[in-house]
Structure formats: structure tokens, C-alpha cells
Amino acid sequence: MLESSCHETAPESIRIRGCRVHNLKNLDLDIPRDRLVVITGPSGSGKSSLAFDTIYAEGQRQYLETLSVYSRQFVQQMERPDVDLVEGLEPTVAINQLAHAPNPRSTVATVTEIYDYLRLLMARLGEPACYKCGTPICHQSTEEIIERLCELPEGTKAILLAPLVRSRKGTHADVFAAIRKAGLVRARVDGEVHDMDHLPELAPRKNHTIEAVVDRIVIRDGLRARIADSLNLALKQGDGAVVTMWLKPGADPTFPASWHEQLFSTLYACPTCKTSFPELEPRSFSFNSPYGACPQCEGLGMTRQPDSQDPQYAGPTDLVTCHACGGSRLRPEARAVRIAGKAVHEITALPVRQAKAFFDTLLPLPRRAGEGRGEGDLPSHFHEDDLPIAEPLVREIIHRLDFLDRVGVDYLTLDRRADTLSGGEMQRVRLATGIGSGLVGTCYVLDEP
């Protein structure tokens, strides 16, 4: 009678037999599992050959063997070590001192994934305000949008479009089918208007923007009812949003810059200056996305400026802070959203320890430890109904900030560029990211941590 191997206890050690990697000569070794093990020896004795080229490489290879062939093609595999036998290995993670390719878009917050949780928190529970006048954003009624359109000069040519897809990959055949079903005959695809019978073929792996053309009108007296009908249809198709394009009388309609374009929304709009905003999403706060990045510096926070004020100067350009975003890398709409009075770029400008103190104040004290709420607790910044969203996000951020503090990089700001960190600082940031992830049953291979 056969017994299942899943009931067998895990081996107590990693068994290595006949290791011949680099300077190692048929090494046989047993390394205890679930312990902190230090490998020492003079230079050239084979420490890295054992730790990285044998244990890490074989652990990675054995783990990848469990994946499908399709999945393995996306992972760069290390060379198989010259060893007779390695048993008792767990999935391995290496944190070495090798210099990584500098990436000006990476920061301490993105490397540790703190920024991913922060973007989600800002998108779901942030308090938006108008970036022009600072007024809190509220919904804009259909009647107010109609009034804005009717205020255009008489004779103005206008187009109403329903936004359906905003920078999403795919061929979107279902979207075009919905446009036809609504009885509409034109659509704007990636900025160009096409008849529904002559649509371009969309590349499935590229981002596309699709808007249905609801109506084309010329502003004049007596047209209010038609504008209202078309606007209601556009808002229905666009889930509360409508894009309007208008051309001033006498302008050249064939010149794209002659068309003025504006987004109106029944979801987000400034009641003072009537500025409309798209619905907040996590990518609205990403400087690696065109929907969140500053259009001037494209999310780098820096721009190049000529060394001379002479307009004919064509010489070299040192890098300067982007004047449009002030180095925050984000669009003005994202910079105007706040939690507890701070915008996302103001939070990431804090050093690790100060950032942890800020997030500590957002939840009631027992909630920070995952306990229930009791009498005399400090009040939460969030409404009670929002706590199910806020608690797991804030706790995860605090958890990662705590690890950064414990490994000794509490002085780093979260927006510090990764390519400006020293080798030791980068290794400690990666150490906090790896060990702070909460994984168990994992073998970590560290190079002089």
C-alpha cells in the first residue's frame, strides 16, 4: 500500500554533493535549514560560488521547473551549476551587491512597492480639489454642462463625443459593436474620426482610446433641446462623461490645433471655475503612466535647459527641476488630491521615519494592530465606512516603512531616486523589500548584508 509523499517531513538540511563550481573541488556539505548561516573565508575561496552560483542558481532552477514551458520563456534562467546533487532547497531569493542599471523613474517608494499601495489609497479615498482655484471638487449637473455649451459664440461648430475606452490594450470589437447598436455612425479612434464602416484595424497589444461621435452641431438660437438630447445620450454612453470639441468661427477645421477640446463630467467638476476632471484611478497618480505623468517632463521631474539665454544657442544643456510640476513628476490634477491635508508628492517627500509617523495617525490605535475599536481610541482620519478600504492599505505601507527603518535607512525620502543611492543603501532597500514581504518557506541568499 502506497503512502502519499506529502506526509513526509521536510529535510532538516540542504544537502550538497560533488559541487565543482569555479574554485570548489567536489565539495560535500550539509547546511541546516531555517537558520541564519554565515559563509566565511578568504577571497577566492568560493564563497560566492557556493552561495549564489550553486545554492541560489539551483533553487531558482528547481522552482522554475515547476512552471509551464510558456511561463518559463519570460524568465531569464541562470546556468545550471556543476554539482552532482542538491536536495532540501526552498525557492531562493538573492540580494547581492551588483550594481543595477540606473533607472531615473525608480524611487525608494516604487522599489519597495509602497507607492503602489499609496496610489490605490489616493485614488479610492483621496479628497480631490481644483488645481486652478483650490475649490473641493463636486459633481456637475447636466443642466450646467448644457449652459456651458450654449454660451459658445453663435456659429461655433461643435462635436459631442462619448468616451468609451481610455488607453486600454485590445481590439475592442465589443466596444464598436455597442456603438453600432446605439445607432451611431462615427467614432474617434486614437484621435482620428472614422466612419463605422471603415474602422482601422487595432493592434491588440497597443493602448487605444475610443470615443463615439454622438452629434455634430452648429451653435445657434433654438438648438438647446437638441443639445440636451445629444448630451444625455453622450453621458449615458460615456458613463457620466462627455468630451466636447469646438471650433471658433472662421478657424481652419483641417488644422487640429484649431479645435478646442474639453472634458465635462457629472462625476468630478469644480463648482467655481467649472473645470472638469476624469475619474480618479491608481494610474492617475503614476508618473510612469501618461494619465498621471507631468506632460512637461513626462514623469521624470527634470527637464533639460540650455546653458545660455541666447535663443540661437545650440550647445550643451546639466538637468533642472521641472518648472511645471516642481519635481513632483505628476499632473496638476493628481497634485491637487489630498489625504489628511497632504498630496501624494508631499507624502513621498517625507523621510521614512516621518512618513511612518504620518501614516500612524491615519487609523485608530487598535486598528493599526488589526484589533477592534474600543472606548477612548484616537479618532481615525477616515470615515467609519471607509475603514475596510483604508486599513489594509495603510497597514501594508506602515509594515514596509517599519522594515526600512529597522535596516537603517530611515533618513531616505520616499521620492529619492534609486539611481542616486549608494550600493549599500540600495541593498538595504532591497533587503527590506524582500524580507518585509512576509514570505515564508523561502531561502534568502544575501551578499554581506
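Here the structure is a predicted model, which is why all the values come from computation and not from measurement. Residue indices begin at 1 and follow the sequence shown.
Cys150 is listed as a side-chain neighbour of Ile227, based on a closest heavy-atom distance under 4.5 Å. No side-chain heavy atom of Leu118 sits less than 4.5 Å from a side-chain heavy atom of Phe285. With a 4.5 Å cut-off on side-chain heavy atoms, Val214 and Leu184 count as touching. In this structure, the side chains of Trp246 and Gln262 come closer than 4.5 Å at one or more pairs of heavy atoms. Put simply, the side chain of Thr142 reaches to within 4.5 Å of the side chain of Thr266, judged on heavy atoms. You'll find the side chain of Cys322 stays beyond 4.5 Å of the side chain of Leu300, heavy atoms only. Two residues are said to be in side-chain contact when any heavy atoms from C-beta on lie closer than 4.5 Å; Leu160 and Phe264 fail this criterion. Residues Leu431 and Tyr444 are not in side-chain contact: their nearest non-hydrogen atoms beyond the backbone lie 4.5 Å or more apart.
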*After noting the C-alpha distance and the side-chain angles of Asp410 and Lys356, does the key distance pass the side chain to side chain contact (heavy atoms under 4.5 Å, CB included) rule?*
CA-CA 10 Å; Asp410 56 286; Lys356 183 175 180 292; over 6 Å; no
*Does the side chain to side chain contact (heavy atoms under 4.5 Å, CB included) test come out yes or no for Ile159 and Val193, once each step is laid out?*
CA-CA 11 Å; Ile159 303 176; Val193 177; 5.7 Å; no
*Can you check side chain to side chain contact (heavy atoms under 4.5 Å, CB included) on Phe358 and Leu350, steps first, answer last?*
CA-CA 9 Å; Phe358 168 76; Leu350 297 173; 4.2 Å; yes
*side chain to side chain contact (heavy atoms under 4.5 Å, CB included) between Leu421 and Val111: does it pass, once the steps are laid out?*
CA-CA 12 Å; Leu421 298 177; Val111 170; over 6 Å; no
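Other residues, nucleotides and ligands contribute only 12 or fewer heavy atoms inside 6.0 Å of the OH atom of Tyr63. Atom CZ of Phe74 has more than 12 heavy atoms from other residues, nucleotides or ligands within 6.0 Å. With a 6.0 Å radius and a threshold of 12 heavy atoms from other residues, nucleotides or ligands, Glu79 has its CD atom at or below the threshold. The neighbour count for Glu346 CD, taken as heavy atoms of other residues, nucleotides or ligands under 6.0 Å away, is above 12. Dense packing is recorded around NE2 of His194, with more than 12 heavy atoms of other residues, nucleotides or ligands lying under 6.0 Å away. For Arg72, the CZ atom sits in a packed shell: over 12 heavy atoms of surrounding residues, nucleotides or ligands are nearer than 6.0 Å.
Among all heavy-atom pairs drawn from Cys19 and Ile16, the shortest one is CB-CG2, 3.9 Å. For the pair Val445 and Ala51, the tightest heavy-atom approach, listed with the atom from each and the gap, is CG1-O, 3.5 Å. Shown here for Pro282 and Leu120, the closest heavy-atom pair between the two residues is CG-CD1, 3.8 Å. Taking both residues in full, the closest heavy atoms of Thr303 and Gln296 are given as CG2-O, 4.2 Å, listed atom of the first, atom of the second, then distance. Between Thr40 and Lys47, the shortest heavy-atom distance links the atoms C-CD, 3.6 Å. The nearest pair of heavy atoms linking Ala241 to Leu263 is CB-CD1, 4.0 Å.
In this structure, His381 NE2 and Leu387 CG are separated by 10.5 Å, a value rounded to the nearest 0.5 Å. Considering OH of Tyr117 and CG of Leu393, their distance stands at 8.5 Å, rounded to 0.5 Å. Note that CD1 of Ile114 is 4.0 Å distant from CG of Leu401, once rounded to the nearest 0.5 Å. The CZ atom of Arg331 lies 11.5 Å from the SG atom of Cys325; values are rounded to the nearest 0.5 Å. Note: Leu414 CG to Ile397 CD1 = 9.5 Å, rounded to the nearest 0.5 Å. Note that the CG atom of Asp402 and the CG atom of Asp360 stand 9.0 Å from one another [nearest 0.5 Å].
Taking the ring centroids of His172 and Phe176, they lie at or beyond the 6.0 Å cut-off.
No donor-acceptor distance shorter than 3.5 angstrom exists from the side chain of Thr171 to the backbone of Leu202, with no hydrogens or angles considered. Here the side chain of Thr112 pairs a donor or acceptor atom with the backbone of Val108 at under 3.5 angstrom. The backbone N or O of Ala334 sits nowhere less than 3.5 Å from a side-chain atom of Ser284 that would complete a donor-acceptor pair. Side-chain atoms of Glu279 never come within 3.5 Å of backbone atoms of Ser265 as a donor-acceptor pair (strictly under, hydrogens ignored). Although no hydrogens or angles enter the test, the distance criterion places no donor-acceptor pair under 3.5 Å between the side chain of Ser167 and the main chain of Asn207. Judged by distance alone, the side chain of Arg335 and the main-chain N or O of Ala343 form no donor-acceptor pair under 3.5 Å. A donor-acceptor distance shorter than 3.5 angstrom exists from the side chain of Thr348 to the backbone of Val344, with no hydrogens or angles considered. Looking at Arg416, its side chain does come within 3.5 Å of a backbone N or O of Thr420 through a donor-acceptor pair. The backbone N or O of Phe287 lies less than 3.5 Å from a partner atom in the side chain of Arg105, making a donor-acceptor pair. At distances below 3.5 Å, not a single donor-acceptor pair connects side-chain atoms of Gln62 with backbone N or O atoms of Gly59.
Listed by chain and residue number, Leu121, Phe382, Asp386, Ile389, Ala390 satisfy the side chain to side chain contact (heavy atoms under 4.5 Å, CB included) test with Leu125 (two or more places apart in sequence, or in another chain). Partners of Arg168 under the side chain to side chain donor-acceptor pair (under 3.5 Å) rule, at least two apart in sequence or in another chain, are Glu281. Under the rule for a side chain to side chain contact (heavy atoms under 4.5 Å, CB included), the partners of Asp385 that lie at least two apart in sequence or sit in another chain are His383. With sequence neighbours excluded, the residues satisfying side chain to side chain contact (heavy atoms under 4.5 Å, CB included) with Ala203 are Lys206, His208.
Applying the salt bridge (Lys or Arg N to Asp or Glu O under 4.0 Å) test to residues at least two apart or on different chains, the pairs with a partner in residues 184-195 are Arg186-Asp195, Arg188-Glu211, Arg188-Glu261. Under the side chain to side chain donor-acceptor pair (under 3.5 Å) criterion, the residue pairs touching residues 228-244 are Asp215-Ser230, with sequence neighbours excluded.
No hydrogens or angles considered: nothing links the side chains of Ser286 and Asn288 as a donor-acceptor pair under 3.5 Å.
A salt bridge links Glu396 and Arg400; the closest N-O separation between the charged side-chain nitrogens and carboxylate oxygens is under 4.0 Å. A salt bridge does not link Glu425 to Arg428: none of the charged side-chain nitrogens sits closer than 4.0 Å to a carboxylate oxygen.
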